[in-house]
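Please read the structure below before turning to the comments.
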Amino acid sequence: MKKSVILGALTVAGLAAGAAGAATLDDVKARGKLNCGVTTGLVGFAAPDANGEWNGFDVAVCRAVAAAVLSDPTAVEFVPTTGKTRFTALASGEIDLLARNTTWTFSRDVDLKFEFVGVNYYDGQGFMVPKELNVSSAKELGGATVCIQTGTTTELNLADYFRKNNMEYTPVPIETNAEAQQQYLAGACDVYTTDASGLAATRAAFENPGDHVVLPEIISKEPLGPLVRHGDNDWGDIARWTLNALIAAEEYGITSANIEELSAGTDNPEINRILGTEGNLGEMLGLDNEWAKRAIAAGGNYGEIFARNIGESTPIGLSRGLNAQWTDGGLLYAPPFR
């Protein structure tokens, strides 16, 4: 089936779901559970532990929204989705929110009729190769076989990059990161390409991470973030401002350790509005005034979530880089709470 036909079908589905989705908040409250779409398993971002409990950077967004809306960060049904199934799951209403390292692009926003509520990780596409290949640059990859997840921006970026550099390659299509890892380690492909954060997470799970190298080239912009259906504005506002609350909390020094103390009231009006001791922001969202306090308390502020799941002290080992606060030279910036 041609891609345009698939996109057209999803557009119709998105429109239908959008019209019906205006009451998503009511549906989630009535259900008593948030249905959140995540990846099928990417350590550090979204993966179940030995007890089946989901953890990770994207998982924390789901739990924060559940805490804001349902007063319970554990009231989440995690729905694993692949690059191909994630958009159908959201458009059809199977999930209420997609928080799955998904890139904000023009066609997904406009043609597929989704609404990205913000960026929770600024990323870019990279390449990983076995150290034994002695490759130091992506421009040395002509003729390589490349493992690539289908239905992703990385698939398109790869084609653009090799065409631009006048190189040939053989794609090895895979559905999930687990399959990519298996195929790559088995030697079915010379290279694995995906978002640089995903490469770091994948390599960290290897038995011998040092045997593999992430090449220096970053060939794309990949602003990753949660999304909802078009037309689901009220629900989108809740997801958007929950993410903003996590980001703003770090900027203003609201942490999981001091949130109760700050909730007694401070001399900073912005902190007071975020934590609900001043103003009526919760009422504007159809929630109570402690919605953001619960969201932040669920897993800490953005910095705490980053450090615990994917930061430099974890096996993933990511530095903040572009994902630092704007006050520290990064791109993170929450609009005013007023």
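In this text, all values refer to a predicted model and were calculated from it rather than measured experimentally.
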Donor-acceptor under 3.5 Å (N323 side chain, L331 main chain)
no

Please determine whether a side-chain nitrogen of the Lys or Arg among R338 and E278 lies less than 4.0 Å from a carboxylate oxygen of the Asp or Glu.
no

Under 4.5 Å between any side-chain heavy atoms of F45 and V38, yes or no?
no

Transitive ILVMFWY cluster of W326 at side-chain heavy atoms under 4.5 Å: who else is in it?
Y333

How would you list all residue pairs meeting disulfide bond (SG atoms under 2.5 Å apart) that involve residues 207-318, not counting sequence neighbours?
none

Are N309 and I316 packed together at the side-chain level, in the sense that at least one heavy-atom pair is separated by less than 4.5 angstrom?
no

Residues E115 and R240 bridged, charged N to O under 4.0 Å
yes

What I want to check is whether the side chains of T202 and N177 have a donor and an acceptor closer together than 3.5 Å.
yes

If you count the non-hydrogen atoms of other residues, nucleotides and ligands that lie under 6.0 Å from NZ in K29, is the total more than 12?
yes

Pair K293 + E260: basic N to acidic O under 4.0 Å:
yes

Who passes ring pair (Phe, Tyr, Trp, His ring centres under 6.0 Å) against Y252, sequence neighbours left out?
none

I218: which other cluster members, linking ILVMFWY side chains closer than 4.5 Å, directly or transitively?
none

Distance-minimising heavy-atom pair for A68 and A295:
CB-CB, 4.3 Å

Salt bridge check: are R163 and D160 linked by an N-O gap of less than 4.0 Å?
yes

Could you list the residues that satisfy ring pair (Phe, Tyr, Trp, His ring centres under 6.0 Å) with Y161, not counting sequence neighbours?
F127

Name all pairs fulfilling the disulfide bond (SG atoms under 2.5 Å apart) condition that reach into residues 46-128, sequence neighbours left out, sorted by first residue then second.
C36-C62

If you look only at pairs with a residue in residues 211-254, which of them pass as a disulfide bond (SG atoms under 2.5 Å apart), with sequence neighbours excluded?
none

Ring centroid separation H230 to F114 under 6.0 Å:
no

L227 side chain near V117 side chain, heavy-atom distance below 4.5 Å:
no

Sequence neighbours left out, what passes ring pair (Phe, Tyr, Trp, His ring centres under 6.0 Å) with W241? Give chain and number order.
F337

According to side chain to side chain contact (heavy atoms under 4.5 Å, CB included), who are the partners of P48, at least two apart in sequence or on a separate chain?
W54

Closest non-hydrogen atom pair, L98 against G37
CD1-O, 3.6 Å

Return each pair, listed once, that meets disulfide bond (SG atoms under 2.5 Å apart) where at least one residue sits in residues 249-313; pairs must be two or more places apart or across chains.
none

For residues 31-48, pull every pair meeting side chain to side chain donor-acceptor pair (under 3.5 Å), keeping only residues two or more places apart or in separate chains.
R31-D96

Partners meeting side chain to side chain contact (heavy atoms under 4.5 Å, CB included) with T150 (sequence neighbours left out)
K84, E155, P173, E175

Quick check on the 6.0 Å ring-centre criterion: do Y192 and H212 meet it?
no

C189 vs V146 side-chain heavy atoms within contact, under 4.5 Å
no

Verify side-chain contact (heavy atoms from CB on, under 4.5 Å) between R86 and T102, making sure each step is shown before the conclusion.
CA-CA 9 Å; R86 56 184 164 174; T102 296; 3.1 Å; yes

Given the rule in the side-chain contact (heavy atoms from CB on, under 4.5 Å) test, do Y169 and L141 qualify, once you have shown the distances and angles that lead to the verdict?
CA-CA 8 Å; Y169 71 98; L141 295 177; over 6 Å; no

